[in-house]
Amino acid sequence: MDNLRPRLDALQAQSLYRRRRLQDGPQQPQARVDGRALLSFCGNDYLGLANHPDVIAALRDGAQRWGVGSGAAHLVNGHSRAHQALEEALAEFTGRPRALLFSTGYMANLGVISALAGRHDTVFEDRLNHASLLDGALLARARLRRYPHADASALHRLLKIESARLIVTDGVFSMDGDLAPLPELAALARDAGAWLMVDDAHGLGVLGRDGRGSLDHFGLGFNDVPILMGTLGKAFGTFGAFVAGSEELIETLIQSARSYIYTTATPPALAEATLVSLAIARRETWRRERLAEWIERFRTGAARIGLQLMDSSTPIQPIIVGSAAQALAWSAALEAAGLLVTAIRPPTVPEGTARLRVTLSAAHTAEDIDRLLAALEL
Ligand code: PMP
């Protein structure tokens, strides 16, 4: 396969080559990466639950009870009482009749969009939506129309020209940290007779009352946003994803979402662990309060040293650097100072907007934030 080499060489030459790092322990904040101790600011464990002793114990006890693997797809014999209990807890948490677990967020997005839209439908998506949402529309073979980022008036104009089946947006944008204009999108969807789907991977656990997410932050409910997708590998610190909505939505997904039907269910022990982390995330409001404090501390400090931040009030605090080569150089300089902040480059983000995607966690300390700021000042 030597003819693949030029493509790899071209990526190298453009500073776009992707490399994995070897982790030797928990993800953050104190990480061991490629053999070095680094203070990490690039995970999505916003509430610091990934290493919580009760969550770890639930996983271990769950493995004792259920074994490690689920053995089969949910529709064969992989659907356990642990999965069922987690679905019920997620439905209650999100204030919806039902929820359905998917193995990953990527698969949930593929499954929902391809089950609800087809070749003759148009799906409108924010230009900066997560890749899995864009891929979902491609898999559905629907007409994909991307509207300018967070621009409800542009979407309004587009909806006058073409009717929509689905309008799809991130709740919190994964690489920018800003919020979608959900009240405006909900009103547009209602007027257009389209379904609104929100991927709240980065809002759930973090925003709203008891971490109920972006919808709750805006005071929106089930009738405004009929399709809510959430992930479990970020604020909840475990793994997997879910979709919450009406009885009819969930039954439709069970009957026809291919990424639900044709894959092995996640381990039941993982569902046990997530049940515990969900309860802690809801109950321990101090985690959200601390996170808000660190966001404020970071933004104030960054403004003081003249860093250009984005309009984000969430734990995702990107620093736009520009070229991919510069982003790699900044990331390497931070690493030399003992900090891990990965560079995010095109095609994950638009050309010319390569960035350091700083993410904050309730597991960080004030000293950790100050150490990052001091390193960024150099
Ligand atoms: N949606 C968004 C907005 C995300 O940031 C991610 C994770 N990168 C996903 C979906 C995919 O979720 P998962 O990692 O569980 O596949």
Side-chain angles (χ1 to χ4, degrees), residues 18 20 23 27-28 42-47 49-50 83 86 90 94 99-114 123 125-139 146 149-150 166-180 182 185 196-207 213-215 217 225 227-244 253 257-260 263-267 270-271 273-274 277-278 310 312 314-318 342-345 347-349 355 357-361:
R18 303 177 198 256
R20 300 174 304 173
Q23 305 274 338
Q27 45 166 306
Q28 78 175 28
C42 50
N44 299 309
D45 180 24
Y46 303 125
L47 299 178
L49 293 175
H83 293 115
L86 178 57
L90 289 166
T94 56
L100 185 72
L101 289 171
F102 279 78
S103 295
T104 69
Y106 189 97
M107 294 167 77
N109 285 340
L110 291 189
V112 173
I113 300 174
S114 60
V123 177
E125 299 211 20
D126 188 289
R127 183 159 283 286
L128 297 189
N129 270 358
H130 190 261
S132 54
L133 294 169
L134 302 169
D135 292 356
L138 296 177
L139 185 66
R146 298 169 75 183
H149 176 53
L166 259 178
I167 297 171
V168 185
T169 184
D170 282 19
V172 173
F173 287 88
S174 57
M175 296 298 141
D176 289 43
D178 57 338
L179 281 128
L182 293 181
L185 296 181
L196 178 59
M197 170 179 182
V198 174
D199 170 341
D200 209 20
H202 299 275
L204 281 166
V206 173
L207 300 174
S214 308
L215 274 57
H217 170 85
V225 182
I227 309 162
L228 171 65
M229 175 273 187
T231 59
L232 305 171
K234 296 180 168 71
F236 300 116
T238 60
F239 183 84
F242 70 94
V243 175
L253 296 178
R258 295 168 66 83
S259 61
Y260 179 77
T263 199
T264 301
T266 49
L270 195 58
T274 307
S277 73
L278 175 63
M310 304 197 70
S312 163
T314 69
I316 303 169
Q317 292 291 332
T342 41
I344 308 284
R345 296 161 287 164
T348 305
V349 291
R355 65 198 67 185
R357 179 175 177 267
V358 169
T359 51
L360 304 173
S361 166

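For ligands, and for the atoms within them, numbers begin at 1 and follow the listed sequence.
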- Please name all residues satisfying side-chain hydrogen bond (donor to acceptor under 3.5 Å, both in side chains) with S174, sequence neighbours left out, ordered by chain then number.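 S174: no side-chain hydrogen bond (donor to acceptor under 3.5 Å, both in side chains) contacts found.
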
- Non-neighbouring partners of N109 that pass side-chain hydrogen bond (donor to acceptor under 3.5 Å, both in side chains), sequence neighbours left out: S132, D199

- Atom-level proximity to ligand 1, residues with heavy atom under 4.0 Å: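 Around ligand 1, where the cutoff is 4.0 Å for heavy atoms, the contacting residues are T104, G105, Y106, N109, H130, S132, D170, S174, D199, A201, H202, T231, K234.
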
- Query: Short question: side chain of T274, backbone of T238 - any donor-acceptor pair under 3.5 Å?
  - Reply: no

- Sub-3.5 Å donor-acceptor pair from the side chain of Q27 to the main-chain atoms of G43, do we have one? no

- Message: Can you list everything that forms a ring-ring contact (aromatic ring centres under 6.0 Å, His included) with Y260? Sequence neighbours excluded, please.
- Response: H74, F102

- Name the one of D178, N129, D176 that satisfies side chain to side chain donor-acceptor pair (under 3.5 Å) with H149?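 Result for side chain to side chain donor-acceptor pair (under 3.5 Å) with H149: D178.
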
